[in-house]
Amino acid sequence: MRKYISLFLFAMIGAFGFTACDVETDIEPGGTNVEKMAGKWEVTVDAVDDAGNVLYEDPYGMGTVIMYTYNTAANNNTEMWLDDDGEFWTFKMKVNVNYEGRTFECSAKDYDAKGSGQATVTGGKILENAAKNLHGMPNDSIVFNIVFSNDDYNLTYRVSGQRYTGFYE
């Protein structure tokens, strides 16, 4: 009886060993279609005039805030999400992307699911290795202007900063 149990166990081990090596797919893993523009960003917000001159540095005293850019469900290279995760104006909206130029923008678009107002994004850019972190290492930067339809002060805000590195600065 022990001989049959041993034979059965070896047969089972052999069967599992051969099936464990099967290739399930030929698809190579990779990033999204806006991979080089996507990320977590540490940014500051300033109010600027039409010429781009700073009117008020950090007008709401927020300091550095976190924002995100990431691919949409369609995963194409013509749009991405721009999301402040509730840290500035509580906006989350899709913006149009020129992936080759690393630019983005959108005209009057609802900036949240509640229909609180509309926002216009202009001059959005991701600049590869244009910033330097505290330790002097090159880092990607982001900059864009945003205007909100329900802003009591009618200000244009310049949002600028660099990719989050995970290191304490």
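All values below were derived from every heavy atom in this structure, side-chain atoms included, with hydrogens, water molecules and symmetry-related copies excluded.
Distance check, rounded to the nearest 0.5 Å: CG of L155 to CD1 of I146 gives 13.0 Å. Here the CD-CG distance, from E79 to N71, works out to 10.0 Å after rounding to the nearest 0.5 Å. With values rounded to the nearest 0.5 angstrom, K92 atom NZ is found 11.5 Å from L82 atom CG. The distance from atom CG of L134 to atom NZ of K132, rounded to the nearest 0.5 Å, is 13.0 Å. For the atom pair CE of M93 and CG of D112, the computed distance is 10.5 Å after rounding to the nearest 0.5 Å.
For the residue pair M37 and V97, the shortest heavy atom distance occurs at SD-CG1, 3.5 Å. Minimum heavy-atom separation, A108 to Q118: CB-OE1, 3.4 Å.
Shown here is K36, whose NZ atom has no more than 12 heavy atoms of other residues, nucleotides or ligands within 6.0 Å. Counting non-hydrogen atoms of other residues, nucleotides and ligands closer than 6.0 Å to CE of M137 gives a total of 12 or fewer.
Y111 and N150 share a side-chain donor-acceptor pair at under 3.5 Å.
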Would you check, one step at a time, whether the test side-chain hydrogen bond (donor to acceptor under 3.5 Å, both in side chains) holds for Y153 with Y56? CA-CA 12 Å; Y153 302 107; Y56 310 105; over 6 Å; no
Could you walk me through whether F104 and I126 pass the side chain to side chain contact (heavy atoms under 4.5 Å, CB included) check? CA-CA 8 Å; F104 59 94; I126 305 290; 4.1 Å; yes
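Every residue two or more places apart in sequence or in another chain that forms a side-chain hydrogen bond (donor to acceptor under 3.5 Å, both in side chains) with R102 is listed here: E128. A search for side-chain hydrogen bond (donor to acceptor under 3.5 Å, both in side chains) contacts involving D58 returns nothing, not counting sequence neighbours. Not counting sequence neighbours, S141 has no partner by the side-chain hydrogen bond (donor to acceptor under 3.5 Å, both in side chains) test. Legend: residues meeting side-chain contact (heavy atoms from CB on, under 4.5 Å) with N129, ordered by chain and number and at least two apart, are P138, D140. Under the side-chain hydrogen bond (donor to acceptor under 3.5 Å, both in side chains) criterion, D83 pairs with Y70, not counting sequence neighbours. The ring pair (Phe, Tyr, Trp, His ring centres under 6.0 Å) test applied to Y164 returns no partner, not counting sequence neighbours.
Side-chain N or O atoms of S107 include none that pairs as donor or acceptor with a backbone N or O of T120 at under 3.5 Å.
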